[in-house]
Peer 1: 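A single structure is presented below for examination.
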Amino acid sequence: MENQSQAITSDAQIWWDDSGEVTISDLLLGAVAPTWQMNDRGERAFGFRQSAVWLRWPLARGASVDGERVLVAEYALLDEFDAFLVDEYGSLLDQQRTGRSIALSEHPIASRKLAMPLAIPSGASTLYVRVKSDSALKLRMSLMPTGEFAAKLESSALTGGILFGVLLAGCFIYCLMGIVLRAWALVAIGLYFVMGATWQGMLEGAFALAWPAHLIMPRELIPMLLFTMAGCVHAYLVLARREFGRRPTPIDAAIFAWVLVGAFGAWYMPYTLATKIGMYTNVGIWVSALGLSSLTREFPLETRVPIIASAVLFLVGAGLLTLDTEGVLYLGGMSTELYVVTAVPQMFLLTFGVALFAREQVLERREADVALAHQIDLAADARAETYAAERRRADDNRLVQESMSAIRDVANTDPLTGLANRAALTNHVRLLNRSGIESIALAVFDLDHFKRLNDSHGHAVGDDALVSVAKVLSNSCVRPLDFVSRYGGEEFVMLLPNTGLIDAENQVKAVLERIRSIHLMHGDVRVALSSSAGLAREVLDQADVPFEGLFARADEALYSAKRGGRDRVELSLKPTNRLSA
């Protein structure tokens with residue numbers, strides 16, 4: 001008998017204290033007369049109860065109970081747990097308390113399960129145990145030797161370590177893939193697994209027995225984590241659909257609103273109600289949002305199969321845990337193993353499905369890049385043909401008087417990019433002088449390493465780059481008086497009348513960002529483009545535009561941007577010298 005544990009709950013008598021206020025003194029002095037019942041069923045699952053539960057277990061004489069023993073309960077989220085050793089005359093010999101409200105220094109053994117060492121004297125005849133909890137109360141108590149308890153603790157720690165290690169590794173993999181592939185849906189699933197590990201750790205009592213009292217996580221965090229996990233699953237679905245160009249629907253907004261209300265309301269709702277609603281919300285979103293959507297054609301077939309399999313695994317585990325929480329089905333110490341058995345394969349199946357999804361995205365983006373490069377080539381060819389035709393037409397009609405207006409238009413347009421040239425820029429400045437504008441911002445753009453681009457890829461690619469940049473600049477001027485022209489070579493000028501310095505700077509930064517995103521191809525090689533810019537602004541006060549001085553300031557800021565590392569914009573804050581301008 002020395003190495004065998006004693007199962008308390010199979011031999012003990014049990015009594016429910018509905019008031020929750022009865023003390024050990026009341027029992028020993030006869031102040032109350034409890035109605036003890038034999039607990040012949042062994043393990044007991046009481047569901048959610050607010051009353052206290054008393055167990056009375058007669059201790060057998062002999063070495064099996066004498067000396068150092070550890071009182072172990074299979075469920076650790078207990079608010080109050082008292083153990084009392086009483087002799088045959090009804091005198092209290094010793095008592096022990098533990099629970100979430102006691103600091104770490106007062107816990108005899110820091111374990112994932114409830115463990116309380118008892119030094120049982122030879123005169124002890126009865127062990128009284130009082131348990132009071134607002135959470136799911138499941139009683140399976142044992143009195144075992146310290147050596148046997150240590151071996152059991154190592155086995156439990158190994159199971160928990162595998163679970164948390166796999167889930168945290170999965171979170172790291174998802175977040176890394178999401179950042180590298182810019183598929184933010186993966187980050188949502190990674191956060192889901194982290195919260196799932198935290199939730200299971202709280203259910204198993206890992207935080208209750210490992211943190212000091214002032215750092216213990218509040219019980220209300222459990223239903224809030226359940227709601228947040230449901231939100232992460234739905235966020236994964238919404239973000240994944242956006243990757244395919246589908247917009248969120250009003251149903252998505254309603255689901256997110258429900259999750260937010262539930263997560264914040266969990267702090268104010270009764271713990272029992274909040275936990276149940278959070279559990280059912282998780283199951284419902286997995287079924288309706290992820291499971292049923294995976295049956296449709298929103299995802300490719302090879303992606304849908306592992307996602308459906310992971311949803312089925314989750315629903316099996318969640319269904320059993322829900323029945324366990326409701327007290328309908330008792331899992332006891334199997335809860336952690338069940339979570340490992342369902343969560344780990346679920347994570348691998350989801351990972352496989354997401355990897356297939358990411359692979360398809362990469363292939364689609366590659367096809368889109370190739371198609372865009374082909375369109376750019378066609379556009380460049382069309383512009384080249386148009387340019388050649390215009391030159392031929394201009395030569396053929398050189399002596400025709402009626403074509404003089406067309407010739408003047410050509411003279412004001414850059415033939416390669418289709419933008420206005422310097423002559424048209426001068427005419428536009430004169431127009432602005434007559435329009436009575438109050439201020440003007442001038443930006444000068446210069447392509448970075450343009451000579452190197454021509455030398456490495458040829459002048460045809462350089463011309464394509466100028467055409468693409470000109471299109472970006474032209475599309476950025478949306479107001480009637482905004483103006484952009486090719487100033488010469490790879491240099492462009494943008495005029496922004498009645499624009500503040502901050503707004504002008506933001507518009508220039510947006511242009512630089514769009515230039516960086518240009519997909520320019522030379523054969524199978526993608527050619528990267530970037531530009532530097534200088535920006536200057538002047539308040540006119542009914543004076544003419546000081547173009548030369550303003551251009552000089554912006555040009556100086558441009559060279560400062562070049563010296564500062566390129567691919568950026570620099571501002572010129574000093575005023576223009578109007579006399580020199």
Side-chain angles (χ1 to χ4, degrees), residues 390 394 404-447 450 466-467 469-512 514-515 531-562 569-581:
E390 288 179 352
M404 291 303 297
S405 59
I407 295 175
R408 285 193 297 268
D409 291 338
V410 173
N412 290 327
T413 304
D414 176 64
L416 176 62
T417 62
L419 295 178
N421 58 17
R422 293 180 64 170
L425 174 62
T426 302
N427 292 333
H428 190 74
V429 171
R430 293 171 182 167
L431 174 64
L432 293 178
N433 289 334
R434 297 193 300 270
S435 63
I437 60 175
E438 298 176 356
S439 67
I440 186 168
L442 185 147
V444 180
F445 296 82
D446 187 271
L447 293 185
F450 186 72
L466 292 174
V467 170
V469 171
K471 183 177 180 180
V472 169
L473 291 169
S474 179
N475 292 337
S476 301
C477 294
V478 296
R479 299 182 304 171
L481 292 180
D482 290 351
F483 190 81
V484 63
S485 70
R486 182 183 179 189
Y487 198 74
E490 67 271 20
E491 199 170 43
F492 300 84
V493 173
M494 179 183 289
L495 297 178
L496 301 172
N498 294 330
T499 304
L501 187 59
I502 294 178
D503 292 337
E505 181 185 9
N506 291 335
Q507 186 167 346
V508 171
K509 287 182 178 179
V511 170
L512 297 182
R514 286 193 285 270
I515 291 176
S531 176
S532 301
L535 177 63
R537 181 177 179 270
E538 186 73 21
V539 178
L540 299 180
D541 295 332
Q542 298 182 352
D544 290 343
V545 176
F547 177 80
E548 297 297 332
L550 199 59
F551 178 86
R553 287 173 50 200
D555 195 58
E556 183 179 355
L558 168 64
Y559 281 98
S560 178
K562 291 283 189 179
V569 58
E570 284 288 342
L571 308 181
S572 174
L573 301 179
K574 64 181 182 180
T576 302
N577 187 340
R578 296 183 181 274
L579 295 178
S580 62

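Numbers here simply count residues along the sequence, with the first being 1. Worth saying up front: this structure is predicted, and the values here are computed from it rather than measured. Side chains included, hydrogens not; waters and symmetry mates left out as well; all remaining heavy atoms used.
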Peer 1: Are side-chain heavy atoms of Val469 and Ser531 found at a separation under 4.5 Å?
Peer 2: no
Peer 1: Test your reading of the model: is there a side-chain donor-acceptor pair from Thr426 to the backbone of Arg422, 3.5 Å cut-off?
Peer 2: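 Yes; judged by distance alone, with no hydrogens or angles, the pair exists.
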Peer 1: For the atom pair CG (Asn475) and CZ (Arg514), what is the distance rounded to the nearest 0.5 Å?
Peer 2: 8.0 Å
Peer 1: Atom CD1 in Ile502, atom CD in Gln507: separation rounded to 0.5 Å?
Peer 2: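 If we round to the nearest 0.5 Å, Ile502:CD1 and Gln507:CD are 14.0 Å apart.
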Peer 1: Could you pull out all residues at least two apart from Lys509 that satisfy salt bridge (charged side-chain N to carboxylate O under 4.0 Å, His left out)?
Peer 2: Glu505
Peer 1: Measure from the side-chain N and O atoms of Asp555 to the backbone N and O of Phe551, and report whether any donor-acceptor pair falls under 3.5 Å.
Peer 2: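 The answer is no, because no donor-acceptor pair under 3.5 Å joins these two groups.
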Peer 1: What heavy-atom pair brings Leu535 and Ala441 nearest, and what distance separates the two atoms?
Peer 2: CD1-CB, 4.3 Å
Peer 1: Should Asp414 and Ser485 be marked as a side chain to side chain contact (heavy atoms under 4.5 Å, CB included) after you check the CA-CA gap, both sets of side-chain angles, and the distance that decides it?
Peer 2: CA-CA 8 Å; Asp414 176 64; Ser485 70; over 6 Å; no
Peer 1: Are any side-chain N or O atoms of Thr413 and backbone N or O atoms of Pro415, one a donor and one an acceptor, separated by less than 3.5 Å?
Peer 2: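 Not a single qualifying donor-acceptor pair exists.
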Peer 1: Can you name the closest pair of heavy atoms from Pro497 and Leu432 and give their distance?
Peer 2: CG-CD2, 3.9 Å
Peer 1: With sequence neighbours left out, write down each residue that passes salt bridge (charged side-chain N to carboxylate O under 4.0 Å, His left out) with Asp446, or none if nothing qualifies.
Peer 2: Lys562
Peer 1: Is there side-chain contact between Leu540 and Pro546, with at least one heavy-atom pair below 4.5 Å?
Peer 2: yes
Peer 1: Tell me, please, which residues at least two apart from Leu573 pass side-chain contact (heavy atoms from CB on, under 4.5 Å).
Peer 2: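 Leu573 satisfies side-chain contact (heavy atoms from CB on, under 4.5 Å) with Leu501, Leu571 once adjacent residues are dropped.
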Peer 1: Under the salt bridge (charged side-chain N to carboxylate O under 4.0 Å, His left out) test, which residues partner Glu491, sequence neighbours left out?
Peer 2: none
Peer 1: Please enumerate all residues that pass side-chain contact (heavy atoms from CB on, under 4.5 Å) together with Thr499, with sequence neighbours excluded.
Peer 2: Arg479, Leu496, Asp503, Ala504
Peer 1: What's the shortest heavy-atom distance between Glu570 and Ala557, and which atoms?
Peer 2: CB-O, 3.3 Å
Peer 1: What's the spacing between Leu425 CG and Arg430 CZ if we round to 0.5 Å?
Peer 2: 10.5 Å
Peer 1: Working to the nearest 0.5 Å, report the span between OG of Ser474 and CG of Asp482.
Peer 2: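 These two atoms lie 11.0 Å from each other.
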Peer 1: Looking only at the side chains, is there a donor atom on one of Ser439 and Arg537 sitting less than 3.5 Å from an acceptor on the other?
Peer 2: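 Looking only at side-chain atoms, Arg537 and Ser439 do form a donor-acceptor pair, the distance falling under 3.5 Å.
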Peer 1: With rounding to the nearest 0.5 Å, note down the distance linking CG in Leu466 to CG in Leu447.
Peer 2: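 Output value for this atom pair is 6.0 Å.
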Peer 1: With a 4.5 Å heavy-atom cut-off, do Val493 and Val484 have their side chains touching?
Peer 2: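 Result no, sub-4.5 Å side-chain heavy-atom pair not found.
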Peer 1: Do you know the tightest heavy-atom contact between Asn433 and Val545?
Peer 2: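 Heavy-atom minimum between the residues: OD1-N, 2.8 Å.
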Peer 1: Contact between Ile440 and Phe547 at the side-chain level, heavy atoms closer than 4.5 Å - yes or no?
Peer 2: no
Peer 1: Which heavy atom of Ala554 sits nearest to which heavy atom of Ala536, and what is that distance?
Peer 2: N-CB, 3.9 Å
Peer 1: Using a 3.5 Å distance criterion without hydrogens, assess whether the side chain of Ser476 forms a donor-acceptor pair with backbone atoms of Val472.
Peer 2: yes
Peer 1: Is there a side-chain contact between Val429 and Leu495 (heavy atoms, below 4.5 Å)?
Peer 2: yes
Peer 1: Give me each pair satisfying ring pair (Phe, Tyr, Trp, His ring centres under 6.0 Å) with a member in residues 418-445, each pair once, sequence neighbours excluded.
Peer 2: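 Only His428-Phe483 qualify under ring pair (Phe, Tyr, Trp, His ring centres under 6.0 Å).
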Peer 1: Checking Arg553 side chain against Ser572 main chain: does a donor-acceptor pair fall under 3.5 Å?
Peer 2: yes
